[in-house]
Structures are given as structure tokens and as C-alpha cells.
Amino acid sequence: MIVRRGKMEEFRSLGLDPFGHRFQRTAYSTDITEHFEEMEGKSVAVTGRIMSVRGHGKVSFMEISDIKGTLQLFFKIDVLGEENFKQIKLLDIGDIIGVNGEVFRTQRGQISVRVERWEILSKSLRPLPEKFHGLTDTEIRYRQRYVDLIMNPEVKDVFIKRSKIISAIRHYLDSHGYMEVETPVLHTLAGGAAARPFITHHNTLDMEMYLRIALELHLKRLIVGGLEKVYEIGRVFRNEGIDIRHNPEFTLMELYEAFSDYEGMIELTEDLLKNVCLAVNGTTTVVCQGETIDFSHFERMTMVEAVKKYSGIDYYAYDTVAEMKKAIAEKGIDLEDNDTSTKGYLLNALFDVTVEKHLIQPTVIMDYPIEISPLAKKMDDPNFTYRFEGFVLGRELCNAFSELNDPIDQRERFERQMDLRKEGDEEANPLDEDYLTAMEYGLAPTGGIGIGIDRLVMLLTDSASIRDVLLFPTMKQRE
RNA sequence: GAGCCAUUAGCUCAGCAGGCAGAGCACCUGACUUUUAAUCAGGGUGUCCGGCGUUCGAAUCGCCGAUGGCUCACCA
């Protein structure tokens, strides 16, 4: 580092700014390497970061990297002159340079640019990791993502793909008449999902505020307002554990459509996912964690059917909780720490323990127990709601329902949630009086869906950890 | 929140029957006019994660702590 600072000063003493200015590039690396026939013999201006240097006395080779790829530069004393050639010794791996020269092929056949003029655009004062092994230390990769991005081109590809996925979602929704909106991140009540919120404080108003845990209740207020087809792609925050699939802040897409229902949401989800997959991968299949996932078809099952299929327990065969529990125990199924106080909770527990992991190909599980669905519309059997979740690779990818639009029923559901809260359930939904007021003005029959964007990106980029699809994952502060 | 594992040079790692801190790449000096993990000759640049302890002596053993990874719990 001391040596690099010295070189920086030497550039200055030569009248060259080691932290230069605008550079007008005429070609990217891949424009040259992939279209050599048209480019051969042409003069180009290229720029990039020096990734390797191979000096040979009176000639020198360097590899530079730009957003699209890498390119070899060829420096020759005959072309540059003795003085100028000597100055390339001031360049280090990591420096950003701009060069002008002619496209040609070396004796070994490598497509290169014969440098006629070069300039330092930014001197790198810190050495990059070793070229062969690169950077593998996960802690540095996540904390100093910029170094990770410089050294590992496949990491860059993941984030380029993430951008394309989100862009494809927007394109699909915009072209289908959905309107993108922005709702508050700071909430006075953290509702719309079951999770513990981050708490903050507004000084001037002198009140507690919460970072949102869902987008749901504000978006549904907009449906009341007549916006009819809205969506938001936004960051939500849940004060929960961090692991391979969870980060405290993550990106959620929620969409609401008046006069639709959960059937409409299933159709939308299938079509959206198929289109996004096609747009970013060119096919409807994707290989993730060794499994080939086909987004062209979604299996459909009710939760009761799925539980019967995988656990052998038929929800309808038992009249009481006790009978059902007895049957579960006889099968030797361990429900772990799940709530088992009602048949609905038992069904959900069975689903978690016995079904979820089997849902590898895209599967829609329909008709959830009312106990775990406080914002979804009741079915004819009042123990169930018009709700579905989409599963892929044994993980939940989306959650949707026919929205509960009866304000009287909603108030009762909120009150039940408040009871749970009093019993110590920190994740129960709080009663949102303003949301009830909105509903009392009339919420059209509505279908709504939420899709976990990070999980979708994980699937489409074959990433094992959510941290691999977040540019800057949440990390503990050092020291 | 619990368990297991890891932390040594800029990077990737070795060294751990307790005995002078090591290799490759990077870097520095020199040679080399077509290399591509260039090559050749020479040079080690360090808070061995931190603290305490055991010991004549600790990178190595013990305890406490920090950070990270994985697994489990909560959750999407």
C-alpha cells in the first residue's frame, strides 16, 4: 500500500492525475472479443480495471475487466516510445485505466488491443485478492461486496439477473394494467403479517413507529379508494432470526386486484412466474439445487388433501381435537413445538412437518385454516379461508387470498388476534382501527398476492443462501 | 436463543506429540519484444482474532469474549 501511494505521487509529479476524469469509451470488452471480424484493425477506446499484468521486458500484457467481460491489452515499447513504456510500471493490478489502440490478434491468437495511448483513471491503493483462488472468505465477500464483485464475475451475474427479474415483473404487471404505488415504510402499527417489527421513534411527533412488516393493509386501502389494480415492490423488515433463507430486511411484491379472487391470483401467479422465467432464462425450466423446476405447470391441492396424501391423516375423519391428536400420535408423527389447540392448527402443523418438504415442483396449496389467516375471506366451511400458498423446492414462494372484505368479520378476527397478543403471542396482528374504517366504506371483492422476491431470485439464480442474492446482507457490527 | 466448526502475511492455506512464524500467489529489485495461473534470479512484508491462565517456553493446551459459517428453534 505504501508502494502504491508512492506510485500515485509519481503520477502526480508527471503532471498526471491519478484520479482522473471522464473517459469516452467506444467499445466494451465483449464488443471486441465477440465481434472480432468486424472490429479487427479498428481503433477503439476501452476502459476497465487491470486484473493481471504479464511483463516481458520491452512488451507487456494486461488483462482488464469491465462490466461485460475481460479484454487483453498489449503494450509495446516500439509503439509507445521508451519514456511512455517505462511509465506503465506505475500501474498495478486493480488500477482503472483507459486506453486507445487497434484491435488485433497476437501471435498466439489472443484477441487484444495494441495500446497506442493510455491514461490512469483511478489508482488503486489497496491490493486485490490473489488471482487464482480469488476471494472466498464469506465474511469479506458479504462485508466488502465491492471486492467480491471485482473478483468474482459470477457474483456480478447473479445481481444482473436479479435486476432483470425485477424488471421483468414490472414489465409484466405494467403491461397488464397494474399500477405501481409506494406506501409508507414507517407505520404506526405493524400489521398485515405475523412477525415482530423493528421499533423506532419519531422525535417531532414524539411517538413510536414501526418499520413495515408487510405492504398489505395500505395497498388494500387503495383498493377501497378505487385504484382497483395496484402493486408495490418494496423492502419489508422483520425482527426475526437470520439464516440461509432469512434476512431482517427483504423484498416483497404485493399485488391487489379488485373484482378478482384467489383463483384469479393463482392464474396470475402461474402466468407471471412463467413469463419472468422465460424473460430471464429463456425457458420455463430452471435448475436449482440439483432439481429441475418446471414453471410451465403448477400442481393444485387443498391443504386437507395434501396432508392426507403425505401424512395419512384425514382432517374430516375426526370430530374433535383429541381424536385427531390421538391418530397423529398413533402414526408416530412429531408435531414439534407447533400450536395444536384446534383442528385447524393441527392441520397446519401436520402440513409443516410432513408435507412442505415434498413440494419440489411448483405446487399451489389451497384453503388454509381460518386460525392462521386473519385477513382472508371465509369459505362456506367457516373453518377455512380462500387462501393459497405457492411452493417450490419445499419452500414457500408466495401467499395469496381472496381478501376478507366484511368489516364486521374483520373486526372479530382482529379481536381474536388481540387475544393472542395478550396471551403473549408477539407476532399476532394488531387491531388497525383505520383499516377497519376503510373497510367500512366498502372494499370490493379483491384478490391479493405477495411474492418473496429474494426467494424467487434464489430459485432463478440457483443460489443456496439469501445472502447470495442481497448485495449487502445484514451483518453484525464489528468490534 | 442453542449446538458444532473456523479465525495464522494483501489473498488462498500449511504449521497444533508446546521449542527461532512458513508456502503459493500478490508485492519489491533485476532479466526477458507475443504472454495468458508467463518464466528466471534475489527479497518475508506478520497484533498467529482479542483477553486471561497453565508453562522455563503458547499460533499450538485451558477458560472467557468477538466475528463468521453450518445445523436447530422463530419466520418468508
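Chain naming here is simple, since letters A, B, ... match the order of the sequence lines and numbering starts at 1 in each.
Looking at heavy-atom distances under 4.0 Å, Asp137(A) makes contact with sugar-phosphate atoms alone, never a base. Within the 4.0 angstrom heavy-atom criterion, no nucleotide atom of any strand lies near Met151(A). Gly241(A) comes within 4.0 angstrom of a nucleotide base, judged by non-hydrogen atoms across all strands. Residue contacts for Arg196(A): at a heavy-atom cut-off of 4.0 Å it reaches no nucleic acid atom on any strand shown. In this structure, Phe74(A) reaches the bases: a heavy-atom distance under 4.0 Å links it to at least one base atom across the strands shown. Across all strands, Gln110(A) comes closer than 4.0 Å to base atoms (heavy-atom distances). Counting any heavy atom pair closer than 4.0 Å across all strands shown, Thr106(A) reaches a base atom. Using a 4.0 Å heavy-atom cutoff across all strands shown, Gly134(A) reaches sugar-phosphate atoms only and no base atom. Asn247(A) comes within 4.0 angstrom of a nucleotide base, judged by non-hydrogen atoms across all strands. Heavy atoms of Leu252(A) sit nowhere under 4.0 angstrom from any nucleic acid atom.
In this entry the distance linking NZ of Lys76(A) with P of C32(B) reads 16 Å, nearest Å. With rounding to whole Å, Arg108(A) atom CZ is found 10 Å from U34(B) atom P.
Candidate nucleotides G69(B), U36(B), A76(B) were compared by shortest atom distance to the side chain of Arg238(A), and A76(B) ranks first. Checking U33(B), A26(B), U35(B) against the side-chain heavy atoms of Pro127(A) singles out A26(B) as nearest. Proximity note for Ile244(A) (side chain, C-beta onward) versus U71(B), C28(B), U35(B): the nearest is U71(B). Of the candidate nucleotides C27(B), A38(B), A76(B), A76(B) has the atom lying nearest to any side-chain atom of Arg455(A). Distances from the side chain of Pro129(A) to the nucleotides C11(B), A76(B), C25(B) place C11(B) closest. Of the candidate nucleotides U35(B), C28(B), C70(B), C28(B) has the atom nearest to the side chain of Asp92(A).
For Phe198(A), the ring pair (Phe, Tyr, Trp, His ring centres under 6.0 Å) criterion is met by no residue, not counting sequence neighbours. Take His35(A) and apply the ring pair (Phe, Tyr, Trp, His ring centres under 6.0 Å) test, not counting sequence neighbours, and it matches no residue.
Between Arg235(A) and Val185(A) the shortest side-chain heavy-atom distance does not fall below 4.5 Å. A 4.5 Å side-chain heavy-atom check between Ile64(A) and Val46(A) finds at least one atom pair inside the cut-off.
Arg467(A) has a side-chain polar atom (N or O) that falls below the 4.0 Å cut-off from OP1 or OP2 of C70(B).
Side chain Asp243(A) to base C72(B): no donor-acceptor pair is found below 3.5 Å. Applying the 3.5 Å distance criterion, the base of U35(B) shares a donor-acceptor pair with the side chain of Gln72(A). Put simply, the side chain of Glu130(A) and the base of G10(B) share no donor and acceptor less than 3.5 Å apart. Judged by distance alone, with hydrogens and angles left aside, Glu139(A) brings no side-chain donor or acceptor close enough to the base of U67(B) to form a pair under 3.5 Å. A donor-acceptor contact under 3.5 Å is not formed by the side chain of Thr136(A) with the base of U12(B).
Ion pairing of Arg5(A) with Glu9(A) is absent here, as no side-chain N (NZ or NE/NH1/NH2) approaches a carboxylate O to less than 4.0 Å.
A distance of 6.5 Å separates CG in Leu16(A) from CD in Gln87(A), rounded to the nearest 0.5 Å. With values rounded to the nearest 0.5 angstrom, Tyr256(A) atom OH is found 12.0 Å from His218(A) atom NE2.
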Report, as a single string ordered 5' to 3', how protein heavy atoms within less than 4.0 Å touch nucleotides 1-7 of chain B: B base, S sugar-phosphate only, - not at all. -------

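Surrounding CD of Glu154(A) are more than 12 heavy atoms belonging to other residues, nucleotides or ligands, all under 6.0 Å away.
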